[in-house]
Amino acid sequence: MISKHSCEQSGGGEGVEVIKNESDTHPQHGPGQLTEKRIYLNSKLPSWAKAFVPRLFYVTEKAWNFYPYTITEYSVSFLPKFSIRIETRFENNNGNNDNVFEDTPTPAENVSFLDILSDPIPEKHYKESEDLGHWQSSKTGRGPLEKGWRDDHKPIMCSYKRVQCSFEVYGFQTRTEEFIHKNIRDILLVGHRQAVAWIDEWHGLNLEEVREYERAMQEKTNSKVKSNNTGPPAASRPAFSRSISATDERSLKKMGVTTAATSDPSLSSVPQSPMRLNSTPE
């Protein structure tokens with residue numbers, strides 16, 4: 001269902017491109033599957049982030065699925081101080097395990113319960129067919145879910161996720177990490193609603209059928225991501241100079257982003273339109 005979700009979110013040169021999908025073995029967790037993807041999402045960034053992000057960039061996602069345990073890591077090549085790591089463990093309960101990863105329990109104030117029935121999702125993602133208060137499965141007869149379903153619904157499974165993100169760049173760290181956590185919460189909520197609502201598409205498939213479904217969906221997704229490459233070349237951006245503060249320049253250099261001096265002779269023949277890029281220390 002991740003493959004289908006990725007396909008829905010892709011198009012016009014943005015979305016999820018699958019680079020690798022192959023079997024792998026973990027010394028502790030045994031046989032599983034390794035996937036590597038590139039996620040193109042420039043247009044989805046907030047305006048304050050676009051100020052220092054290259055026009056064309058992608059996030060690399062590597063995921064190791066050793067069900068019922070998985071590891072997912074995200075990185076950006078030009079931002080060495082940026083990282084996201086998500087550990088997942090699935091258990092057949094309603095979320096009552098306080099130490100599912102069997103190491104250091106997460107403080108209660110840092111635990112967020114996601115209810116796929118009643119928690120609000122961004123309006124742009126709402127579909128009546130994925131509203132679990134109206135949904136019913138023709139294959140299993142399950143649904144619709146009702147208030148209090150977590151206490152009495154059978155069968156039931158909880159997806160526990162430990163999300164760790166880091167963006168160690170002065171002036172952007174707090175805002176970026178908050179933005180990441182909020183968006184991951186929305187993505188997980190929408191994705192798990194869909195996994196249940198789409199049950200008739202995957203229920204009863206064997207592993208070989210799952211891999212074939214993934215292969216076909218990934219080919220479709222990759223073609224959607226690359227679809228804008230067939231059109232006319234995009235117009236080049238006008239050259240400009242920009243004035244930045246010492247704080248900005250230090251932060252950008254730490255991220256590997258170079259800045260052109262306003263006296264760059266290569267720009268001397270181009271009418272200059274000064275733009276100031278400011279940052280607020282947080």
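In what follows, residues are counted from 1 in the order of the sequence shown.
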## Note on the structure
Between the NE2 atom in H181 and the OG atom in S112, the distance rounded to the nearest 0.5 Å is 11.0 Å
### Message
Donor-acceptor pair, distance only, cut-off 3.5 Å: does the side chain of E177 make one with the backbone of F167?
### Response
yes
### Query
Would W64 end up clustered with I86 when hydrophobic side chains under 4.5 Å apart are linked, directly or stepwise?
no
### Task
Is it possible for you to say whether V210 and Y67 belong to one hydrophobic cluster, with membership spreading through side-chain heavy-atom contacts below 4.5 Å?
no
### Message
Less than 3.5 Å apart, any donor N or O on the side chain of Q33 or N21 sitting next to an acceptor on the other?
### Response
yes
### W202 CH2 to Y213 OH distance, which is reported to the nearest 0.5 Å
12.0 Å
### Check: E87 and Q164 side chains under 4.5 Å, non-hydrogen atoms
yes
### Message
Less than 4.0 angstrom from a charged side-chain N to a carboxylate O is my criterion; do R175 and E178 meet it?
### Response
no
### Query
Can R185 and D119 be counted as an ion pair, charged N to O under 4.0 angstrom?
yes
### Message
Less than 4.5 Å apart, side chain to side chain, heavy atoms only: is that true for S3 and Q218?
### Response
yes
### Query
Would you call E201 and K4 a salt bridge, using N to O less than 4.0 angstrom?
yes
### Task
Please name the pair of heavy atoms, one in G133 and one in P144, separated by the smallest distance, quoted to 0.1 Å.
O-CB, 3.3 Å
### Query
Are the side chain of N110 and the backbone of T106 linked by a donor-acceptor contact shorter than 3.5 Å?
no
### Message
Can you confirm whether the side chains of D200 and S138 place a donor and an acceptor under 3.5 Å from each other?
### Response
yes
### Lys/Arg-Asp/Glu bridge criterion (N-O < 4.0 Å) met for R85, E73
yes
### Query
Is the backbone of L188 close enough, under 3.5 Å, to the side chain of H192 for a donor and an acceptor to pair up by distance?
yes
### Query
Quick one: is the NZ or CZ of R89 closer than 6.0 Å to the six-membered ring centre of Y160, and within 45° of its axis?
no
### Query
Taking NZ, NE, NH1 and NH2 as the nitrogens, is one of them in K127 or D131 under 4.0 Å from a carboxylate oxygen of the other?
no
### Task
Might you work through the side-chain contact (heavy atoms from CB on, under 4.5 Å) test for F82 and I180, ending with a clear yes or no?
CA-CA 11 Å; F82 168 87; I180 290 170; 3.4 Å; yes
### Heavy-atom check, side chain of W135 versus side chain of E128, under 4.5 Å
no
### Message
Quick one: does any side-chain atom of T176 pair with a main-chain N or O of Q173 as donor and acceptor, under 3.5 Å?
### Response
no
### Query
How close do L117 and D115 get, heavy atom to heavy atom, and via which atoms?
N-OD1, 2.8 Å
### Summary
Taking every heavy atom of I84 against every heavy atom of C165, the minimum-distance pair comes out as CG1-CB, 4.0 Å
#### Entry: Donor-acceptor pair, side chain of T70 and main chain of F66, under 3.5 angstrom
no
### Task
Measure the shortest side-chain to side-chain distance between S75 and S83 over non-hydrogen atoms and say whether it is less than 4.5 angstrom.
no
#### Entry: Nearest-0.5 Å distance, CH2 of residue W198 to OG of residue S129
9.0 Å
### Query
Does atom CD of E146 have more than 12 heavy-atom neighbours from other groups under 6.0 Å away?
no
### Query
Within a strict 4.5 Å, meaning less than it, do heavy atoms of the V16 and R38 side chains meet?
no
### Task
Measure the spacing between CD of Q194 and CG of L189 and express it to the nearest 0.5 Å.
10.0 Å
#### Entry: R150 side chain near F113 side chain, heavy-atom distance below 4.5 Å
yes
### Message
Do E17 and K37 have side chains that approach each other closer than 4.5 Å (heavy atoms only, starting at C-beta)?
### Response
no
### Message
Could you see if I156 belongs to whatever hydrophobic cluster contains L145? Use Ile, Leu, Val, Met, Phe, Trp, Tyr and a side-chain cutoff under 4.5 Å.
### Response
yes
### Check: L205 main-chain N/O paired with H203 side-chain donor or acceptor under 3.5 Å
no
### Message
Please say yes or no: joined through hydrophobic side-chain contacts below 4.5 Å, possibly via intermediate residues, are I187 and F90 part of one cluster?
### Response
no
### Message
Applying side-chain contact (heavy atoms from CB on, under 4.5 Å) to V196 and I116, what does each step give before you reach the verdict?
### Response
CA-CA 9 Å; V196 174; I116 56 176; 3.8 Å; yes
### Message
So which atom in F179 and which in N183 form the shortest heavy-atom distance, rounded to 0.1 Å?
### Response
O-ND2, 2.8 Å
### Ion pair R215/E219, N-O distance below 4.0 Å
yes
### Message
Using every non-hydrogen atom in the two residues, find where P155 and H153 come nearest and quote the distance to one decimal.
### Response
O-ND1, 3.1 Å
#### Entry: Greater than 12 external heavy atoms within 6.0 Å of E109's CD
yes
### Message
Just verifying a value: how many Å separate K81 NZ and Y170 OH, rounded to the nearest 0.5 Å?
### Response
15.0 Å
#### Entry: Full working for side-chain contact (heavy atoms from CB on, under 4.5 Å) between Y126 and I121
CA-CA 7 Å; Y126 178 82; I121 64 172; 4.3 Å; yes
### Heavy-atom side-chain proximity of Y58 to V76 below 4.5 angstrom
no
### Task
Output all residues satisfying side chain to side chain donor-acceptor pair (under 3.5 Å) with E209, sequence neighbours left out; order by chain, then residue number.
none
### Task
Any chance you could lay out the salt bridge (Lys or Arg N to Asp or Glu O under 4.0 Å) test for E214 and R211, step after step, and finish with the verdict?
CA-CA 5 Å; E214 288 180 336; R211 296 297 176 227; 2.9 Å; yes
### Task
Show your working on side-chain contact (heavy atoms from CB on, under 4.5 Å) between N65 and T35 and close with a plain yes or no.
CA-CA 8 Å; N65 187 341; T35 60; over 6 Å; no
### Message
Does K220 have more than 12 heavy atoms from other residues, nucleotides or ligands lying within 6.0 Å of its NZ?
### Response
no
### Task
Look at the side-chain heavy atoms of Ile, Leu, Val, Met, Phe, Trp and Tyr, link any pair under 4.5 Å apart, and say whether V190 and V59 land in one connected group.
yes
### Task
Please confirm whether R162 makes a cation-pi placement over F101, using NZ or CZ under 6.0 Å from the six-membered ring centre and within 45° of the ring normal.
yes
### Query
Between H26 and H29, how do the two ring planes meet: parallel, tilted or perpendicular, split at 30° and 60°?
tilted
### Query
Out of curiosity, L114 CG to C158 SG, how far, rounded to the nearest 0.5 Å?
9.0 Å
